[in-house]
2 protein chains.
Amino acid sequence: MVLILDLQRATHATLHRLAAHLGDLGLPPSELNALANLGERPGGASTVSELATAIGGRPTTLTGILDRLQQRGLLAREPHPRDRRTVIVRLTPDGVDAAERVLAAMRELERRALADLPPDAADSAAAVLRALSQ
Amino acid sequence: MVLILDLQRATHATLHRLAAHLGDLGLPPSELNALANLGERPGGASTVSELATAIGGRPTTLTGILDRLQQRGLLAREPHPRDRRTVIVRLTPDGVDAAERVLAAMRELERRALADLPPDAADSAAAVLRALSQ
DNA sequence: TATTGTTATACTCTATAACTATA
DNA sequence: TATAGTTATAGAGTATAACAATA
């Protein structure tokens, strides 16, 4: 058994499902991911670096994703109050709505998938996924 | 907790690690993934459709990936003995070697990541990942 | 000197729809 | 009619290196 192969398959499969569920938003996977990560944060806000870490990517990858979310009116960039190198990205009200829809679709997909598994399976899986993310 | 966000992060993070470990192969993530999946199969062979299912993608996505692996001499396409619509892709000897290196790197990455977790955590995680892949 | 984020470039990934060949 | 795989096209994702601004 090679867990990483299961990981890749599950990632691709869930992205397909989410795209189907959320097709009317017209957002590609990376934007859904960024949106949902921001939606989980207090105030829907984060620095670019923090968001890159949360996604498992790099700031250079995020720039384009954030540009498109901003063009769609789902996100705004703000200066950091104390460090003028840092950019804070924050969901707009429309962005908050979209993020909540994405998160709801993710939770629903999880709920259905995990219905027949032991209740603690999700926690075990989360621990493994976090260990693989270090 | 939204497991799918942990899933995306773990996927990105493991791809970065594997790329670093296997940099001398010069293969992008999708090719590493296809290679490892084929390496897990008897004879290193599969139909395009079966491989697409294993990866969680679509045949149309695979065509380009398989083209590049073939150009690199890691893979060959063969006719199916009984259905002339079907293509069988098979690792070459060089492809088998490369696939074994990729699988070894994946297993090593997993071994280190899971060292501090309960022994059955990997099995639980695999069950969850497979449920999410349905 | 180091860090944050962006830009430039080049390549890879992916989806959709249309297509060929075969069943 | 349906299925296996490919092609064409367009857009999205990613890495690397270089850069500007700031710490």
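Numbers restart at 1 for each chain; the letters A, B, ... are given by sequence-line order, proteins then strands. No hydrogens, no waters, no symmetry mates; every other heavy atom, side chains included, goes into these values.
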Should His80(A) and Arg85(A) count as side-chain neighbours, where that means a heavy-atom distance under 4.5 Å? no
Answer yes when Asp24(A) and Arg101(A) have at least one side-chain N-carboxylate O distance shorter than 4.0 Å, and no when they do not. yes
Asp67(A) bridged to Arg72(A) by N-O distance under 4.0 Å: no
Round to a whole Å and report the spacing from CD1 of Ile55(A) to C1' of dT14(D). 13 Å
Taking for each residue the nucleotide of DNA chain C with the nearest heavy atom, is it Asp67(A) or His12(A) whose nucleotide lies nearer the 5' end? Asp67(A)
Determine yes or no for a side-chain-to-main-chain donor-acceptor pair under 3.5 angstrom, with Thr11(B) supplying the side chain and Leu7(B) the backbone. yes
Do NZ/NE/NH1/NH2 and the carboxylate oxygens of Glu40(B) and Arg107(B) come within less than 4.0 Å? yes
Can Glu31(A) and Leu74(A) be said to form a side-chain contact (heavy atoms from CB on, under 4.5 Å), step by step? CA-CA 10 Å; Glu31(A) 294 177 42; Leu74(A) 301 178; over 6 Å; no
Given atom CG of Leu18(B) and atom P of dT14(D), what is their separation to the nearest angstrom? 15 Å
Between Arg68(B) (CZ) and dT7(D) (C1'), how many Å, whole number? 14 Å
Roughly, in whole Å, what's the span from CD1 in Ile65(A) to P in dT14(C)? 14 Å
Rounded distance in Å - NE2 (His80(B)) to C1' (dT6(D)): 18 Å
When rounded to whole Å, the CD to C1' distance for the pair Glu31(A) and dG11(D) reads 11 Å
Rounded to whole angstroms, how far apart are CG on Leu32(B) and P on dT12(C)? 13 Å
Counting primed atoms, P, OP1 and OP2 as sugar-phosphate and everything else as base, the B/S/- map of nucleotides 15-23 of chain D against protein heavy atoms under 4.0 Å is SBB---BBS
Between Gln8(B) (CD) and dA12(D) (P), how many Å, whole number? 18 Å
